[in-house]
2 protein chains.
Amino acid sequence: MDIKTQLRQHFAQLVSLTDDEFERIWSHFSLKKLKKRQFLVQEGDHVKYHYFVAKGLLKASYTDESGKEHILQFAMEDWWISDYLALYNNTPATLSIDCIEDSEVLTLSDEDRQKLTREIHAFSNFFLQKKNAGYVGLQQRVLLLLFKNPRERYERLQELQPRLLQRVPKTLLASYLGVSRESLSRLYQGEL
Amino acid sequence: MDIKTQLRQHFAQLVSLTDDEFERIWSHFSLKKLKKRQFLVQEGDHVKYHYFVAKGLLKASYTDESGKEHILQFAMEDWWISDYLALYNNTPATLSIDCIEDSEVLTLSDEDRQKLTREIHAFSNFFLQKKNAGYVGLQQRVLLLLFKNPRERYERLQELQPRLLQRVPKTLLASYLGVSRESLSRLYQGEL
DNA sequence: GGCGAACTGTGATCCGGATCACATCTTTTT
DNA sequence: AAAAAGATGTGATCCGGATCACAGTTCGCC
């Protein structure tokens, strides 16, 4: 399947668009190819784009004063990623986004997104629905971090995103789950 | 200031509405008065409404199998609250929402919100902006939970929401921060 | 095809925060 | 006004997970 079709189907899961509407939307995207370890956004950058992952695997992370990296989000095929804090507030990026695997992403500037959102109601609706789902997902993650121990967090991730577990190195998984690499390694001694 | 004006000004912070548009929106809200400890939503309820807090203080919380309560969100004047997971997926509430102080909330059904969102572009925009801000806020909270210790989380809250700290009992604060009540109590021995 | 870097497992030790237990003190309720 | 329920502080003990240290393995690269 080509990337244009992939994007079209992605929208179709939540809203319906006429051919004309989709063409108008599509014309504002550009394709960007990246290799493993390459950065899409670096701390301090001016962030202008939303990124739709067509292929590959990326991570968004924050590096604290002591140099430790904390992973906020992974993104694989059909996921969106950006530093939304920087994007919406027009501030320098506090996150870094880089590739765990060779990847292809579609970029959409927030300026264009605003324009399209004004012109095409279904598109506006798409974004609202996405944000709602993302918001609810983050709430669940907060609850998980608040009162589940590392083992339960790991198991939950296994349920919800089994594909992710297999593609992401354990070191990075540990950081996403808020556990040390060593403790994570000890968790799944008893299982599988 | 009366509640109608309060709501109008709340919208005005993010979007501009004509008198006519605001009247149309306003007509879909109803006022609900609640006393301390009263529930707005209980686990298992069918959730139909968004709630805008006009006055008072509420909390949204999840109760785990062992009966412990974990606080996901507080809401005071000019904040919105609901069980969004239940609201958007039409599933029974997993959260409970109840009053920490006597409160007055404005209710808006999601059905009406969808209708207004379709009819009034600025209103749609308002919701999208709110969700974005909420999403970013939750991301920050996840980062805080991931790699800051209880003391730093407490200090951050003190910076960001000093008013909240003074109104919320320490027991509930502890639950929101993901610390035991006892440990929280020991945190601020050295300060102030 | 060999060298360095990233990845993963595992042992030993340590410590932050949970848990348990109790003592005020303050609100509510009746 | 008394009784019950909630809020807060504080000591003693315990344990999950962090940290430190090292080894084996796999991967990308000159």
Side-chain angles (χ1 to χ4, degrees), chain A residues 34-39 56-59 61 63-71 74 96 98-103 144-158 164-192, chain B residues 34-39 57 59 61 63-71 74 98-102 144-158 164-192:
Chain A
L34 298 139
K35 286 183 299 179
K36 191 169 167 173
R37 273 170 234 283
Q38 199 176 337
F39 282 91
L57 177 59
L58 299 92
K59 67 179 193 326
S61 60
T63 304
D64 68 23
E65 316 79 48
S66 74
K68 271 182 75 174
E69 184 189 35
H70 305 273
I71 297 185
F74 293 110
S96 296
D98 67 319
C99 299
I100 298 174
E101 303 173 358
D102 293 354
S103 304
L144 223 60
L145 288 171
L146 269 182
F147 78 99
K148 294 292 192 185
N149 62 29
R151 148 151 265 138
E152 291 178 287
R153 288 182 222 157
Y154 178 77
E155 285 167 356
R156 174 60 81 88
L157 192 61
Q158 204 162 32
L164 200 62
L165 283 208
Q166 283 156 355
R167 288 169 73 173
V168 175
K170 306 279 186 254
T171 313
L172 299 180
L173 259 193
S175 163
Y176 177 80
L177 291 172
V179 204
S180 72
R181 186 186 62 71
E182 295 92 329
S183 298
L184 180 65
S185 164
R186 282 165 182 127
L187 283 184
Y188 44 78
Q189 306 305 52
E191 65 194 46
L192 276 188
Chain B
L34 299 137
K35 285 182 300 180
K36 190 170 168 173
R37 273 169 233 281
Q38 198 176 338
F39 282 91
L57 178 59
K59 68 181 194 318
S61 59
T63 304
D64 68 24
E65 318 78 47
S66 73
K68 270 181 75 173
E69 183 189 36
H70 304 273
I71 296 184
F74 293 110
D98 67 318
C99 299
I100 299 175
E101 302 174 359
D102 293 353
L144 223 58
L145 289 172
L146 269 182
F147 78 100
K148 294 291 192 184
N149 61 29
R151 148 151 264 137
E152 290 177 288
R153 289 182 221 154
Y154 177 78
E155 284 166 358
R156 174 61 80 90
L157 192 62
Q158 203 163 34
L164 201 62
L165 283 208
Q166 283 155 356
R167 287 168 74 172
V168 175
K170 307 281 186 249
T171 312
L172 300 179
L173 258 192
S175 162
Y176 177 81
L177 291 171
V179 205
S180 72
R181 185 186 62 74
E182 295 93 329
S183 298
L184 180 64
S185 163
R186 282 166 181 128
L187 282 185
Y188 44 78
Q189 305 306 52
E191 65 193 46
L192 277 188

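Labels below follow one simple rule: chain letters A, B, ... track the order of the sequence lines, proteins then strands, and each chain is numbered from 1. Since the model is a prediction, treat every value here as computed from it, not as a measurement.
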Between [N] ([atom2]) and [X] ([atom1]): distance, integer Å:
X        : N      : atom1 : atom2 : value
B:Arg153 : C:dG16 : CZ    : P     : 14 Å
B:Arg37  : D:dG6  : CZ    : C1'   : 7 Å
B:Glu182 : C:dG16 : CD    : C1'   : 14 Å
B:Glu101 : C:dT28 : CD    : P     : 11 Å
A:Leu184 : D:dG16 : CG    : P     : 17 Å
A:Ile100 : D:dG28 : CD1   : P     : 14 Å
B:Leu145 : C:dG17 : CG    : P     : 13 Å
B:Arg181 : D:dG6  : CZ    : P     : 13 Å

What distance separates [X] [atom1] from [Y] [atom2], expressed to the nearest 0.5 Å?
X        : Y        : atom1 : atom2 : value
B:Ile100 : B:Arg167 : CD1   : CZ    : 9.0 Å
B:Arg37  : B:Asp98  : CZ    : CG    : 9.0 Å
B:Gln158 : B:Tyr188 : CD    : OH    : 10.5 Å

So for the helix from C:dG1-D:dC30 to C:dT30-D:dA1, with five pairs setting each end axis, what is the inter-axis angle to 10°?
60°
Short side-chain N/O contact from [X] to OP1 or OP2 of [N], under 4.0 Å:
X        : N      : value
A:Thr171 : C:dT8  : yes
B:Lys68  : C:dT19 : yes
B:Lys36  : C:dT28 : yes
B:Ser183 : C:dG17 : no

Take A:Glu69 and A:Leu172 through the test side chain to side chain contact (heavy atoms under 4.5 Å, CB included) and record every step on the way to the result.
CA-CA 9 Å; A:Glu69 184 189 35; A:Leu172 299 180; 4.1 Å; yes
side-chain contact (heavy atoms from CB on, under 4.5 Å) with B:Glu101: of B:Val168, B:Leu57, B:Leu34, only one passes, and it is B:Leu57
Checking contacts here: which listed nucleotide (C:dG9, C:dG17, D:dG17) is nearest the side-chain heavy atoms of B:Asn149?
C:dG17
Going by an N to O cut-off under 4.0 Å, is there a salt bridge joining A:Arg151 and A:Glu155?
yes
Does any N or O donor sit under 3.5 Å from an N or O acceptor when you compare the side chain of B:Arg186 with the base of D:dG11?
yes
Has the side chain of B:Arg151 got a donor or acceptor atom sitting under 3.5 Å from an opposite partner on the base of C:dG17?
no
So what does A:Lys35 touch, heavy atoms closer than 4.0 Å: a base, only the sugar-phosphate, or nothing?
nothing
Test side chain to side chain donor-acceptor pair (under 3.5 Å) applied to B:Ser180 - qualifying residues, sequence neighbours left out
B:Ser183
